[in-house]
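Shown next, in structure tokens, is the structure this report addresses.
Note that the structure is a prediction, hence the values are computed from the model and not measured.
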Amino acid sequence: MRLRANYFSALFVAFMVIVTYAPIILVAALSFNDFPYFVVNIRGFTTKWYFDIAARTDLLDAIKISVTLGLCTAALATTFGAAMAYALVRRDFVFKKYITFSAAIPLLMPLLLLGIGIQLFMSLLGVGPGWWPLLAGHVLYTTPFTLLFMLTRILGLDPSLEAAARDLGANTVQTFAWVILPNIVWSLFGSFMLAFLLSFNELTLALFLAGPRQTLPLVIYAMMKVGIPPALLAFTTLMIVSTMLVAIGITATLAKIKR
Amino acid sequence: MSVTDDSDLRLAVDNQLKSHGETIRLEGVEKKYGPFTALKKTDLEIREGEFFSILGPSGSGKSTLLKLIGGFETPTSGSIQIGSTDVTGMTANKRPVATVFQSYALFPHLTVEENVGFGLRAQKVPLAERTELVRQFLAMVNLTHKAETLPKRLSGGEQQRVALARALAVKPRILLLDEPLGALDLKLREAMQEQLRLLHKAIGSTFVMVTHDQDEAMSVADRVAVMRSGEICEIAAPATLYQSPRSEFAGRFVGAANILECDIVAGSGGQKSLVRSGIKLHTLSGPDAADRTGRVQILIRPENISLSQPSGGLVNGVVRDNLFINGTNIVIIDTPIGVLRSRSFGEGVSSQVASGSSVSVGWEPDNVVVLERT
């Protein structure tokens, strides 16, 4: 009985791994295929698409825009989320309960509606689509996520640590820099990564708010109509591999720190 | 690691580590949280350099009192003075006060020596001087060998000593201790009580300790304040508090007590008798008698109740049980005036009497405490 149960769970895990990774592996495999279209038509091995990336200025520009947007979004959303989380946990103010609840509402809202809403609001202010409205939209969209992420950490932070720091003569800045920050730094990092990835992959809001500077998801979306260039597959593969390396690096570092 | 190792403070405290105490004066201090009054209007003076303990059950307002002195809360009304300075509006980091927190609140990301040096770093003490002071305070709590360890790698007793060293390193005029021994096991706790008292003598600061454990308060403090539902109901030295409490609450809280409610019956020559179930238990005379009428409670500690052969004492009774606890005999007796407990070190009648046997109960008039009405 026990053996059969193990057999079954092993089978299930194998199935999940295949389902999850098959598309990624397919993309990676086709990036080495000597055929200029995104179809399963194996012709031969080539690395030329990787050298092609440098020539595709449209892709490179889009990547640059998306990375910049992601970093700016992540920095702002993490700062706002952390500050809000701290205030919600440590400070007392009127309607605190309702504010906590309303801060999470955007999570439940369809992005399409949020996009239309922001666009309408912008037009009321007389602002057209562009990089700044898109940044504002992305910050608005990702902050509830960073807020929830930081809330879990700050709720777990013993308030008497801050009391002890104050008690020993530390001022507000010292208490933050010497006690609070070192204890939440990994959560800040995680929250930054989360916001970056949400922004980097975001298409719906970008459709409404992006101006002439198109983000990577927008460019890829447009390319789908004319065919995905193999250079994009090569770029995607590079990104997946580097992400995996970074993830492995972080896990190893964390394990070392914990030990 | 043995228990004595874990509680050992090296008490050859250098002059360099000494501080000196300061008085704390609370005038009309009150603390409300919304409609709830955590501390009713309180006047209190804690003397320079004394070991003061605030004793009370949970919710009695003792922690609120400590937070107000430490600067973690501001009073709703009233003023707090430390020495000659009014600190009512002063934040915790500006007060000459340091705290040993109940949870110890050691900084988890800093090593033992960085924890101890934290306050000195905030005060911008030069590195060389800071290192030397940290070294001495670590030696004082006997943790030199753990200087570079993180707090989570320490035992409970060691963490507690780091918390003590960290608080004392800023040379506070006042050291607040919030249930400092609560998380330690019994043996270690008893050893630490003794060490705390020696440390207090050596350092010289005013120590204020909050606890719900009457043994802890009574064994270490010079004076004890008993708190109940947001107010201080009695302040006295431990022995006074034990031998002649004024209120029933304090009397019961600091130790086992026989408390009997009596009728006051006027006698001749201004004397008044205290009578219960038709038996005269005590006589009041002088000014004590003059202003008392109606009913009154008397308190007799179990060790002051003596047992003798039937009809040898004040009241006859039947032994309900005879227990041997911590080297003493606790005899529980059913009498016409109620159930009484006597405690003795097994001499005389009490070690022999078995359940069901008849005894007589008595006490010296000096050992009767007439409680105030509350």
Minimum-distance pair of heavy atoms, taken over all atoms of A:W178 and B:H109: O-NE2, 2.7 Å
Flag if over 12 foreign heavy atoms under 6.0 Å of NZ, B:K40: yes
Contact class of B:S103 relative to chain A, heavy atoms under 4.5 angstrom: side chain
Chain A contact via B:L150 - which portion, at a heavy-atom distance below 4.5 Å: neither
Side chain, backbone, both or neither of B:K124 within contact of chain A (heavy atoms, under 4.5 Å): side chain
Gap separating the CD atom of A:Q174 from the CD atom of B:Q123, nearest 0.5 angstrom: 10.0 Å
Interatomic distance, A:T172 atom OG1 to B:N93 atom CG [nearest 0.5 angstrom]: 7.0 Å
Option in B:R166, B:Q102, B:R121 with maximal non-hydrogen atom pairs under 4.5 Å from chain A: B:R121
Heavy atoms of other groups near A:M244 CE, more than 12 under 6.0 Å: no
Pairwise side-chain contact, B:F72 with A:D167, heavy-atom cut-off 4.5 Å (strictly under): yes
Contact listing (chain B partner; residues 151-163 of chain A; heavy atom under 4.5 Å): A:D158, A:S160, A:L161, A:A163
Within 6.0 angstrom of A:Y21 OH, more than 12 heavy atoms from elsewhere: no
Interchain contact, B:F101 with chain A, by part (heavy-atom threshold 4.5 Å): side chain
B:F52 atom CZ: more than 12 heavy-atom contacts under 6.0 Å: yes
Exercise: identify the closest heavy-atom pair between B:P108 and A:N183: CG-OD1, 3.4 Å
Proximal component of B:A167, with respect to chain A [non-hydrogen, under 4.5 Å]: backbone
For chain A, the option from B:V97, B:V100, B:L120 that forms the most heavy-atom pairs under 4.5 Å: B:V97
